[in-house]
Protein chains: 2
Amino acid sequence: MIIRLDMQSELPIYTQLMNQIIEGIASGSLQPGESLPSVRSMASDLGVNLHTVNKTYTLLKQEGFILVHRQKGVVINPEGMPEITAEYEHKLHGQLKPVVAEAICRGMSQDQLLTIIKDMYKQIAHGRKENI
Amino acid sequence: MIIRLDMQSELPIYTQLMNQIIEGIASGSLQPGESLPSVRSMASDLGVNLHTVNKTYTLLKQEGFILVHRQKGVVINPEGMPEITAEYEHKLHGQLKPVVAEAICRGMSQDQLLTIIKDMYKQIAHGRKENI
DNA sequence: TAACTGTTATATATGTAATATAACAGTTAG
DNA sequence: CTAACTGTTATATTACATATATAACAGTTA
């Protein structure tokens with residue numbers, strides 16, 4: 001899996017890394033049970049510090065996306081992904097609200113916005129089943 | 001317009017304030033041409049520093065949501081809101097992608113996601129026309 | 001003139017992000 | 001058993017963002 005970091009971005013490196021791993025899972029390029037590089041090798045590959053990768057892994061572990069297997073190292077959670085909890089729905093609303101509000105301000109119609117979401121959903125989830 | 005700040009939030013105060021003003025415009029509770037409190041009085045009302053409010057106003061001005069009128073002070077842009085530029089669409093994609101990816105990971109269907117967006121759009125844009 | 005406006009400057013305290021170095025306990029390969 | 005790896009933790013430092021405090025400036029308004 002190819003990971004691209006933008007050192008000029010306003011987003012922290014550990015957040016960019018976290019997002020791309022989640023996108024990798026969503027797209028199917030990272031399968032449940034598949035192992036991730038060690039914090040040291042990942043850090044080395046990306047040219048960042050060990051602790052930056054470790055922070056990403058710690059957060060992904062806390063949310064249930066990955067787990068640390070004593071033999072296999074860090075793996076995408078083989079038991080499946082975290083569920084749609086009330087807490088997650090609350091977080092989702094908080095993330096979407098300002099984005100939707102700005103779209104409305106700029107005169108974007110509901111259909112325009114839904115089309116963008118549909119296209120994005122299709123694009124990300126495109127290669128889900130055939131990669132199993 | 002009522003503004004609520006969460007001092008425990010991970011979001012900076014100036015971002016919370018910015019989001020709520022944009023949501024106010026989207027909902028119609030803030031109309032184009034309507035004036036906003038001065039940086040000092042707003043800061044005083046919210047119990048924050050002058051510069052925190054000033055940063056919010058500066059960012060909103062840069063994006064075209066408000067402008068500084070020599071007589072009327074700070075007003076919601078009477079010429080209308082900023083448009084849907086290519087730059088904005090790029091920003092929108094960057095904001096939505098990680099959110100949609102996590103939803104897919106958690107097994108949320110496209111319809112579930114679209115329903116949330118629709119409800120949110122309706123809720124925000126509900127009192128648009130009747131407030132003019 | 002006095003009180004307000006946005007704006008700018010400077011300084012300080014705090015927290016986060018990212019780095020560097022080091023160590024520990026456990027696992028694995030030679 | 002040794003050596004090299006694993007995740008994990010600790011400590012320290014640098015850099016930057018956030019938020020504050022205080023002050024001043026030019027322009028506007030009552």
Side-chain angles (χ1 to χ4, degrees), chain A residues 3-22 30 33-79 94 98, chain B residues 3-21 30 33-79 94-95 98:
Chain A
I3 289 175
R4 301 204 173 281
L5 298 180
D6 178 6
M7 297 306 180
Q8 318 300 326
S9 171
E10 64 198 344
L11 289 176
I13 296 173
Y14 76 87
T15 302
Q16 296 181 48
L17 184 51
M18 200 173 162
N19 286 344
Q20 291 187 43
I21 290 175
I22 291 176
L30 288 176
E34 191 172 339
S35 65
L36 290 174
S38 72
V39 288
R40 286 173 177 82
S41 75
M42 170 81 87
S44 174
D45 289 348
L46 299 176
V48 300
N49 190 270
L50 172 160
H51 293 94
T52 305
V53 178
N54 189 251
K55 180 161 188 177
T56 301
Y57 281 7
T58 300
L59 291 171
L60 288 172
K61 190 174 60 179
Q62 279 176 8
E63 298 192 18
F65 290 99
I66 66 177
L67 53 82
V68 178
H69 194 278
R70 190 45 88 179
Q71 280 86 16
K72 301 176 189 170
V74 178
V75 298
I76 309 296
N77 196 339
E79 310 295 329
Chain B
I3 290 174
R4 301 204 172 282
L5 298 180
D6 179 6
M7 296 306 179
Q8 318 300 325
S9 171
E10 63 197 343
L11 289 176
I13 297 174
Y14 75 88
T15 302
Q16 296 181 46
L17 184 51
M18 199 173 162
N19 286 344
Q20 291 186 43
I21 290 174
L30 288 177
E34 191 172 340
S35 66
L36 290 173
S38 71
V39 288
R40 286 173 176 84
S41 75
M42 170 82 85
S44 176
D45 289 350
L46 299 176
V48 299
N49 190 271
L50 172 160
H51 293 95
T52 306
V53 178
N54 190 251
K55 181 162 188 175
T56 301
Y57 280 7
T58 300
L59 291 170
L60 287 172
K61 189 175 58 178
Q62 278 176 8
E63 298 192 17
F65 290 99
I66 65 178
L67 54 83
V68 178
H69 194 279
R70 190 44 86 179
Q71 280 85 17
K72 301 176 188 171
V74 178
V75 297
I76 308 296
N77 195 338
E79 310 294 329
Q95 289 172 328

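We name chains A, B, ... by the order of the sequence lines, and we start the count at 1 in each one.
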(message) Judged by each residue's nearest nucleotide on DNA chain C, which is more toward the 5′ side, A/Arg40 or B/Pro37?
(response) B/Pro37

Can you confirm whether [X] sits close enough to [Y] that some side-chain heavy atom of one is under 4.5 Å from a side-chain heavy atom of the other?
X       : Y       : value
A/Arg40 : A/Val53 : no
B/Met7  : B/Ile13 : yes
B/Thr58 : B/Lys55 : no
B/Thr15 : B/Leu59 : no
B/Tyr57 : B/Ile21 : yes
A/Leu46 : A/Leu17 : yes
A/Arg4  : A/Asp6  : no
A/Met42 : A/Thr56 : no

(request) Could you identify which residues of residues 45-52 of chain B place a heavy atom less than 4.0 Å from some atom of DNA chain D, listed by residue number, or say none? (result) B/Val48, B/Asn49, B/His51, B/Thr52

(message) Just to be sure I understand the geometry, which residues of residues 55-65 of chain B put a non-hydrogen atom under 4.0 Å away from DNA chain D?
(response) B/Lys55

(request) Using the heavy-atom set of chain A and a strict 4.0 Å cut-off, write down the first and last nucleotide of DNA chain D that makes it in, 5' to 3'. (result) D/dT6 to D/dA10

To the nearest Å, give me how far apart [atom1] ([X]) and [atom2] ([N]) are.
X       : N      : atom1 : atom2 : value
A/Leu11 : C/dT16 : CG    : C1'   : 14 Å
B/Ile13 : C/dG15 : CD1   : C1'   : 13 Å
A/Tyr14 : C/dT19 : OH    : P     : 13 Å

(request) Using the side-chain contact (heavy atoms from CB on, under 4.5 Å) rule, pick out the option among B/Asn77, B/Val75, B/Leu60 that qualifies with B/Ile66. (result) B/Leu60

(message) Could you identify the nucleotide paired to C/dT1, looking across every strand shown and requiring Watson-Crick or G-U wobble geometry with both distances under 3.5 Å?
(response) D/dA30

(message) Tell me which nucleotide, if any, is Watson-Crick or G-U wobble paired with C/dT10 when both distances must be under 3.5 Å.
(response) D/dA21

(request) Kindly give the heavy-atom pair with the smallest separation between B/Gln16 and B/Leu11, and that separation in Å. (result) NE2-O, 2.9 Å

(request) Taking all non-hydrogen atoms of both residues into account, name the closest pair between B/Ser35 and B/Lys72 and its distance. (result) CB-O, 4.0 Å

